[in-house]
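Every chain is numbered from 1 and lettered A, B, ... according to where its sequence line falls, protein lines coming before strand lines.
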Amino acid sequence: GQNIDQPTEMTATEGAIVQINCTYQTSGFNGLFWYQQHAGEAPTFLSYNVLDGLEEKGRFSSFLSRSKGYSYLLLKELQMKDSASYLCAVRDTKAAGNKLTFGGGTRVLVKP
Amino acid sequence: DVKVTQSSRYLVKRTGEKVFLECVQDMDHENMFWYRQDPGLGLRLIYFSYDVKMKEKGDIPEGYSVSREKKERFSLILESASTNQTSMYLCASSPREGRGIQYFGAGTRLSVL
């Protein structure tokens, strides 16, 4: 089975940086995904890591360390619209059909 | 753009009713998924399908069944709705190849009274 942990809630100020950590345990790792979900809306894909290192996409970056079972999502130059839940999800090598296991999500509140 | 469409945004049903939730995707994806999302519990996989007429149980299949008669359509069935099935239900699809990114529908908020 898989176990995925991420903080429940974080608060940050507009313009600042926030780092959301995700730790996981899996029998066979085959990729880690980050999704953003605004209240009442569908999750939308943000980033994908399968190799160690940093993936940068505009204001958002995601880092992976497979040996540590650890990832983080970095949100820079925070904007009010970044207030949302951020979901970490892991795919197992043995998972048929690209099945993902999701963490509980981290709700980020951006304050003016 | 990938589009995953769920037939209803809000549904109210009574205990014991049979409930159908429909999901259609327009990107010819092989894989389709049904999740429920509850506060504090995150997204939990109910069932998924990796091909027409194929289905696999997820983590919480009890009380649910699914149907995949056509590639683009994946239905979730609550045979006899119960109050503990009140939840947000999300459908997703993904291609078999590549990164396997899942694309989600807008969700159906089901209330069972």
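- Looking at B:Arg99, the atoms closer than 4.5 Å to chain A (heavy atoms on both sides) sit in the backbone and in the side chain alike.
- Criterion: ILVMFWY side-chain heavy atoms under 4.5 Å apart, direct or through other members. Under it, B:Tyr35 and B:Phe74 are not part of a common hydrophobic cluster.
- Residues A:Gln37 and B:Gln37 have side chains in contact (heavy-atom distance under 4.5 Å, counting atoms from C-beta outward).
- Surrounding CZ of A:Arg107 are at most 12 heavy atoms belonging to other residues, nucleotides or ligands under 6.0 Å away.
- Put simply, A:Val50 and A:Phe45 are part of the same group of oily side chains (I, L, V, M, F, W, Y) that touch within less than 4.5 Å, one to the next.
- One finds the CG atom of B:Leu45 at 8.0 Å from the OG1 atom of A:Thr101 (value rounded to the nearest 0.5 Å).
- Atom CZ of B:Arg44 has more than 12 neighbouring heavy atoms from other residues, nucleotides or ligands inside a 6.0 Å radius.
- Heavy atoms closer than 4.5 Å to chain A are found in the side chain of B:Leu90, but not in its backbone.
- Atom OH of residue B:Tyr50 and atom NZ of residue A:Lys99 lie 13.0 Å apart, to the nearest 0.5 angstrom.
- Of all heavy-atom pairs spanning B:Gly105 and A:Ala42, the tightest one is O-CB, 2.8 Å.
- Atom CD of A:Glu9 is surrounded by more than 12 heavy atoms from other residues, nucleotides or ligands within 6.0 Å.
- Note: A:Phe33 CZ to B:Ser94 OG = 8.0 Å, rounded to the nearest 0.5 Å.
- For chain A, no part of B:Pro39 is nearby; none of its heavy atoms comes within less than 4.5 Å.
- Connection of B:Tyr10 to B:Val4 is not established within any shared hydrophobic cluster, with ILVMFWY side chains joined at heavy-atom distances below 4.5 Å, either directly or through further cluster members.
- For the atom pair OG1 (A:Thr44) and CD1 (B:Ile101), the distance works out to 11.5 Å, reported to the nearest 0.5 Å.
- Two residues are said to be in side-chain contact when any heavy atoms from C-beta on lie closer than 4.5 Å; A:Glu41 and B:Phe104 fail this criterion.
- Dense packing is recorded around CZ of A:Arg59, with more than 12 heavy atoms of other residues, nucleotides or ligands lying under 6.0 Å away.
- No other option in A:Ala89, A:Pro43, A:Gly31, A:Gly104 has as many heavy-atom pairs under 4.5 Å with chain B as A:Pro43.
- With a threshold of 4.5 angstrom between heavy atoms, B:Arg9 approaches chain A through side-chain atoms but not through N, CA, C or O.
- Side-chain contact between B:Gln102 and A:Tyr35 is present, with at least one heavy-atom pair separated by less than 4.5 Å.
- With a 6.0 Å radius and a threshold of 12 heavy atoms from other residues, nucleotides or ligands, A:Lys57 has its NZ atom above the threshold.
- Taking hydrophobic clusters as Ile, Leu, Val, Met, Phe, Trp and Tyr residues chained together by side-chain heavy-atom distances below 4.5 Å, B:Val66 does not share a cluster with B:Leu43.
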